[in-house]
Amino acid sequence: MLSIRFDQDHEWWVAGQTFDRLFRASLDSGVMRADLERWWHTANAGGGLSLEMLDPAEAQALTAALRTTAERELAALGEVDPATPDGSYQVGLRRLLEQLGSG
């Protein structure tokens, strides 16, 4: 489990597999800037990441890329069985969007 803290009031607790899949999808699609990949590794190595500690422009770019990719991934998934890996991924993405005020 990773803690991705966007600010004082918004924290996304997410399974490592969900975070990895979302981050990889964001990078592969070109939504996430390649130079932000280091924060993926930082989050995995440290059990999470507080975006409040990043440069505000980087935090904003990272948040926007995760949000956009989560929305795209949810649309692509459609209806899935919650007991499957895709179902777990879908739940994690919805929780992210709820934390970001988009869900």
Side-chain angles (χ1 to χ4, degrees):
M1 223 31 168
L2 302 174
S3 165
I4 308 301
R5 191 168 179 80
F6 295 96
D7 59 37
Q8 288 281 72
D9 301 317
H10 300 94
E11 183 175 18
W12 179 41
W13 284 95
V14 60
Q17 290 177 331
T18 297
F19 185 71
D20 290 348
R21 183 172 169 181
L22 176 62
F23 218 105
R24 173 55 48 209
S26 192
L27 287 167
D28 289 349
S29 67
V31 172
M32 177 82 65
R33 294 187 340 229
D35 66 302
L36 297 176
E37 183 175 355
R38 70 183 178 282
W39 298 118
W40 176 17
H41 304 295
T42 300
N44 277 316
L49 179 65
S50 176
L51 276 71
E52 295 174 300
M53 305 194 80
L54 277 59
D55 173 89
E58 276 196 324
Q60 184 177 8
L62 184 62
T63 300
L66 292 174
R67 175 187 284 127
T68 297
T69 305
E71 290 167 346
R72 289 180 181 183
E73 291 284 284
L74 281 172
L77 283 170
E79 297 213 15
V80 296
D81 181 346
T84 65
D86 281 347
S88 296
Y89 184 52
Q90 186 178 60
V91 168
L93 296 178
R94 286 184 178 150
R95 287 184 180 151
L96 168 63
L97 294 177
E98 286 170 11
Q99 284 301 313
L100 296 176
S102 320

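- The two residues L36 and A61 come nearest to each other via the heavy atoms CD1-CB, 3.9 Å.
- Looking at E11, its side chain never comes within 3.5 Å of a backbone N or O of S50 through a donor-acceptor pair.
- The pair D28-R21 does not meet the salt-bridge criterion, since no charged nitrogen lies less than 4.0 angstrom from a carboxylate oxygen.
- Put simply, the side chain of L62 does not reach to within 4.5 Å of the side chain of F6, judged on heavy atoms.
- Two residues are said to be in side-chain contact when any heavy atoms from C-beta on lie closer than 4.5 Å; Y89 and T84 fail this criterion.
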Trace of the side-chain contact (heavy atoms from CB on, under 4.5 Å) decision for V31 with R72
CA-CA 10 Å; V31 172; R72 289 180 181 183; 3.2 Å; yes
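- Remark: D86 CG to E79 CD distance equals 13.0 Å, nearest 0.5 Å.
- Remark: Q99 CD to I4 CD1 distance equals 11.5 Å, nearest 0.5 Å.
- Here OG1 of T63 is found 4.5 Å from CG of L51. Values are rounded to the nearest 0.5 Å.
- At least one donor-acceptor pair under 3.5 Å links the side chain of W12 to the backbone N or O of G92.
- Side-chain contact between H10 and L100 is absent, with no heavy-atom pair separated by less than 4.5 Å.
- Between V14 and the choices L96, D20, L22, L2, the side chain to side chain contact (heavy atoms under 4.5 Å, CB included) rule is met once, by L2.
- One hydrophobic cluster holds both L93 and L97 under the rule that ILVMFWY side chains link at heavy-atom gaps under 4.5 Å.
- Side chains of M32 and W40 form no contact here, defined as non-hydrogen atoms less than 4.5 Å apart.
- Around atom CD of E37, more than 12 heavy atoms belonging to other residues, nucleotides or ligands sit under 6.0 Å away.
- Under the 4.5 Å side-chain heavy-atom criterion for ILVMFWY residues, a single connected hydrophobic cluster contains both L77 and L66.
- The backbone N or O of R5 sits nowhere less than 3.5 Å from a side-chain atom of E52 that would complete a donor-acceptor pair.
- For the atom pair OG1 (T69) and CD (E71), the distance works out to 9.0 Å, reported to the nearest 0.5 Å.
- Residues L74 and V80 fall within the same hydrophobic cluster, defined by Ile, Leu, Val, Met, Phe, Trp and Tyr side chains chained together at heavy-atom separations under 4.5 Å.
- Counting only heavy atoms from C-beta outward, the side chains of L49 and L54 approach each other to under 4.5 Å.
- Around atom CE of M1, more than 12 heavy atoms belonging to other residues, nucleotides or ligands sit under 6.0 Å away.
- Smallest separation of non-hydrogen atoms from G78 and Q90: O-NE2, 2.7 Å.
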